[in-house]
Amino acid sequence: FDGTAAGLPATANVDALALKDGDLYLSFLAPLNVPGIAGTTDDSDIVKYSGGAFSLFFDGSAYGLTTDAEDVDAIAFDETGALLVSTVGSYSVTGLPSGADEDLLRFNAGAWQLRFDGSHNAGLGAEDVTGASVSPGGLIYLSVIDSFSVGGIKGNGTDIFTCTPSSLGDHNTTCAYSKFWNASSLGLPAFDAIDIQ
């Protein structure tokens, strides 16, 4: 995807992405004007790029993502097709206790659920999830902004690792973790958005 060719301004910084059914979903590091979308697209919003055109897919402020810490910095779709997001910092949304940047929130039919509770049994309390993807079988791929040590594996922002969940939800997320891919082995730097196809 060439953002410039698609009309995004040079200042656009994609900090979250996902692919679903051939369409691309993006969120940005900072508010900006996106071609074809009226007004300013906020960093808590998600846009869809389909058929060469952008449209607003998810209006974060309409569903409680209103603070600077609630910038969307990871997007995924779970095995049922429901939207998952992570935020850059702490969040507080209707129907959930407050949480932090190591969580994955599930948004479906206008309601929030805590799908991946990174800070409790999952052991990611010190990390910030910046990339996520979910396989059709429910395997969760994750990347974080900094170093991590969880479930017997260690790494940093150049790694993608997986969670094979035995349970999911608020105070109930348990995983078997393993390393999946390391960007530095291919000479690449750390990254802040992923999708696994």
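By convention here, the first residue in the shown sequence is residue 1. Only a predicted model underlies this, so the values are computations on that prediction, with no experimental measurement involved.
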Keeping [X] on the side-chain end and [Y] on the backbone end, is there a donor-acceptor pair under 3.5 Å?
X: Ser135; Y: Gly138; answer: yes
X: Glu70; Y: Ser92; answer: yes
X: Thr158; Y: Asn182; answer: no
X: Lys179; Y: Ile160; answer: no

To the nearest 0.5 Å, what is the distance between CG on Leu96 and CD on Gln113?
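Atom-to-atom, Leu96:CG and Gln113:CD are 8.0 Å apart.
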
What is the distance from atom CG of Leu17 to atom OG of Ser27, rounded to the nearest 0.5 Å?
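The distance works out to 10.0 Å.
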
Could I get the full list of ring-ring contact (aromatic ring centres under 6.0 Å, His included) partners for Phe148, not counting sequence neighbours?
Phe161

Considering non-hydrogen atoms only, spot the tightest contact between [X] and [Y] and give its length.
X: Asp103; Y: Gly118; value: OD1-N, 3.0 Å
X: Ala12; Y: Leu8; value: CB-CB, 4.1 Å
X: Ala100; Y: Thr87; value: O-OG1, 4.4 Å
X: Phe54; Y: Pro35; value: CB-O, 3.4 Å
X: Val88; Y: Asp128; value: O-OD2, 3.7 Å
X: Thr162; Y: Leu139; value: CB-CD1, 3.9 Å

Over 60° means perpendicular and under 30° means parallel, so tell me whether Tyr63 and Phe58 are parallel, tilted or perpendicular.
parallel

Does Leu32 CG have over 12 foreign heavy atoms under 6.0 Å away?
yes

Under 3.5 Å side-chain donor-acceptor pair for Thr40 and Asp42:
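Side chains of Thr40 and Asp42: no pair found under 3.5 Å.
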
Please tell me whether Thr174 and Ser166 have a donor and an acceptor in their side chains that are separated by less than 3.5 angstrom.
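A donor-acceptor contact under 3.5 Å links the two side chains.
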
How about Val144 and Asn156: do any of their side-chain heavy atoms sit closer than 4.5 Å?
no

Any carboxylate oxygen within less than 4.0 angstrom of a Lys/Arg side-chain nitrogen, looking at Lys154 and Glu127?
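Not counted as a salt bridge, because no side-chain N and carboxylate O are separated by less than 4.0 Å.
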
Tyr25 and Tyr49: aromatic ring centres closer than 6.0 Å?
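No - the distance between ring centres of Tyr25 and Tyr49 does not fall below the 6.0 Å cut-off.
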
